[in-house]
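First the structure, in the form of structure tokens, and then the observations on it.
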Amino acid sequence: MTDAAPVLDRATAARPTPKPGILAIAPYVPGKATAEGVEHPLKLSANENILGSSPKAREAFAGAIDQLHMYPEGRSNLLRAAIGETYGLEPERLLFGCGSDEIFQLLNQTFLEPGDNIVQGQYGFGAYAIGARACQAEVRFAPERDYRIDVDEMLKLVDERTRLVFVANPANPTGTWITGSEIRRLHAGLAPSVVLVLDGAYAEFLSDPEFEDGASMVREFENVVMTRTFSKLHGLAGLRVGWAYMPAEMAAAVDRIRLPFNVNIPAQLAAVAALGDTAFQTRSLALVEQWRAWLTQQIGGLGLDVVPSAANFVLVGFPKTPGKTAKEAEAYLARRGLIVRGVGGYGLPDHLRITIGLEEHNRAVVDALSDFLKG
Ligand SMILES: Cc1ncc(COP(=O)(O)O)c(C=O)c1O
């Protein structure tokens, strides 16, 4: 007798059967948006922009009302031109997606065959793995030290079946980052056939001179991709706009499997307007920089561990002591109308991730945590 799972014959199964591996995928769990018994809770669970979105983007979105019956132009050329000009990037090397999430899916689908693998950090963002598993690829998690990507550990997991290596920099859910020279050391250890994906969803929130967003690496090498999003700094998470900068040959390959009209007209118009609204970007950044430091200091002052963050959220570690745990803190904060993100699904059951809010929100979080710890 063996206790191995029975091999299912898909041809004779009693109902349509997903291909192997699909049902083993844990569904992505988004940050909660409701708190039981609280009418208007504050959502600090999804790293959205607490200032909302740019007034110019809102106006552009509303201005698209007469175009709802039309298909968008297929290649997001409007947005392509705007991104190319704003960042000085060659338009033919750009790819657009329904959020950067779609771009990770497309990269996985383009490069992975069953039995291949991807490598990511221990606490890597969940979307990479879901797409890879859907391609029947293996997901390898490299141990992180102090919640930070460890290049040597990543390289240890790379083998001849590795097709993609994903690094979010800064990372979610940890908020940590690694320097440009570390990224380059990782790249130098990869065969030229392995794609290094640098996910810059939070890149704008970090201004350290040691940081490299990856754009120059895309120009230097044929196996580097930089992805970005309008969901965070630009506050357009609801419209789902992400983009990537990659070698032209790779863009031409990935573009073949992209859905034809994947970025809709109102989203493109709003994104172009957001790109031009530097005043909104500056306000959003200033808010994050000011209150990230304050929250780190205040929450640290309560005796909790705050992981140093370079993004628009902080990751807070709680003791395992009954009455003081992360799970109990999450429930307590929810009762006070503050929804934060439990990150047990990322292997961090003793942590909570908290999006940086407005001054009154941040003060409410610290007051609530202080009361919680007093019991
Ligand atoms: C690290 C990271 N990458 C990518 C994304 C996805 O962004 P998008 O909204 O562009 O799909 C997120 C969203 O939370 C993220 O945290």
Side-chain angles (χ1 to χ4, degrees), residues 27-33 43-50 53 57 76 79 83 94-108 118 120-132 139 141 144 147-149 164-178 183 196-206 211 213-214 225-245 258-259 262-264 267-268 270-271 274-275 284 288 307 309-315 339-343 345-346 348 351 353-356:
Y28 182 79
V29 182
K32 289 183 192 143
K43 187 180 174 204
L44 299 174
S45 60
N47 304 340
E48 293 148 339
N49 190 326
I50 203 74
S53 38
S76 303
L79 185 53
I83 298 265
L94 298 172
L95 187 92
F96 294 85
C98 179
S100 40
D101 279 351
E102 187 193 10
I103 293 171
F104 308 138
Q105 289 275 15
L106 293 172
L107 289 166
N108 280 326
I118 69 161
Q120 62 174 64
Q122 180 177 0
Y123 308 116
F125 180 54
Y128 318 142
I130 292 178
V139 180
F141 295 90
E144 297 189 18
Y147 310 102
R148 238 170 114 258
I149 288 286
L164 296 135
V165 172
F166 285 94
V167 177
N169 203 27
N172 172 26
T174 58
T176 59
W177 65 284
I178 60 173
I183 292 281
L196 174 61
V197 184
L198 301 173
D199 171 358
Y202 302 94
E204 293 96 341
F205 297 108
L206 174 57
F211 174 69
D213 67 7
V225 175
M226 172 185 83
T227 64
R228 304 291 281 265
T229 183
F230 278 88
S231 300
K232 309 298 175 184
L233 178 72
H234 298 291
L236 296 179
L239 292 184
R240 314 303 303 123
V241 189
W243 58 277
Y245 181 53
R258 180 181 59 76
L259 291 182
N262 61 339
V263 186
N264 66 67
Q268 282 194 54
L275 215 48
S284 303
V288 165
V307 178
S309 171
N312 66 343
F313 57 86
V314 288
L315 184 70
I339 306 178
V340 300
R341 180 78 137 96
V343 282
Y346 281 95
L348 292 163
H351 288 76
R353 194 192 68 193
I354 307 174
T355 305
I356 290 157

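When a ligand or atom number is given, it counts from 1 through the structure's own listing order.
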query: Should you measure from each heavy atom of T229, which atoms of ligand 1 turn up under 4.0 Å away?
result: 7 (O), 8 (P), 9 (O), 10 (O)
- line: Residue, atom and distance of the protein heavy atom nearest atom 12 (C) of ligand 1 read F125 CZ, 3.4 Å
- line: Residues E144 and Q122: closest non-hydrogen pair is N-OE1, 2.7 Å
- request: Just need the protein heavy atom nearest to atom 13 (C) of ligand 1, so name the residue and atom and give the distance.
  value: K232 NZ, 3.3 Å
- prompt: What protein heavy atom sits nearest atom 9 (O) of ligand 1, and how far off is it?
  reply: S231 OG, 2.6 Å
statement: For G99, the ligand 1 atoms with a heavy-atom partner under 4.0 Å come out as 8 (P), 10 (O), 11 (O)
query: With distance as the sole test, does N312 use its side chain to make a donor-acceptor pair with the main-chain N or O of N47 at under 3.5 Å?
result: yes
query: For atom 11 (O) of ligand 1, what's the nearest protein heavy atom and its distance?
result: R240 NH2, 2.8 Å
message: For A127 versus D101, what's the shortest heavy-atom pair and its separation?
response: CB-OD1, 3.6 Å
query: Using the benzene-type ring in the case of Trp, are the ring centres of F141 and Y123 under 6.0 Å apart?
result: no
task: Name the closest protein heavy atom to atom 1 (C) of ligand 1, giving the residue it belongs to and the distance to 0.1 Å.
output: D199 OD2, 3.3 Å
task: Using the six-membered ring wherever Trp is involved, compare the ring planes of Y128 and F104 and label them parallel, tilted or perpendicular (cut-offs 30° and 60°).
output: perpendicular
- request: May I ask whether F230 places a heavy atom under 4.0 Å from ligand 1?
  value: no
message: Please tell me whether N172 and Y346 have a donor and an acceptor in their side chains that are separated by less than 3.5 angstrom.
response: no
field: Pick from G242, S100, A201, A237: the one approaching atom 7 (O) of ligand 1 most closely through a non-hydrogen atom
entry: S100
- prompt: Taking only heavy atoms of N172, which atoms of ligand 1 are found under 4.0 Å from at least one of them?
  reply: 1 (C), 14 (O), 15 (C), 16 (O)
query: If you measure from each non-hydrogen atom of F104 to ligand 1, which part falls under 4.0 Å: side chain, backbone, both or neither?
result: side chain
- line: The answer for which part of E102 has a heavy atom under 4.0 Å from ligand 1 is neither
- request: With L95 as reference, evaluate L107, L106, V225 under the side-chain contact (heavy atoms from CB on, under 4.5 Å) test and give the passing residue.
  value: L106
- prompt: Under a 4.0 Å N-O cut-off, is there an ion pair linking E204 with R228?
  reply: yes
message: Can you confirm whether F125 is buried at CZ, in the sense that more than 12 heavy atoms of other residues, nucleotides or ligands lie under 6.0 Å from that atom?
response: yes
- prompt: What protein heavy atom sits nearest atom 6 (C) of ligand 1, and how far away is it?
  reply: D101 OD1, 3.3 Å
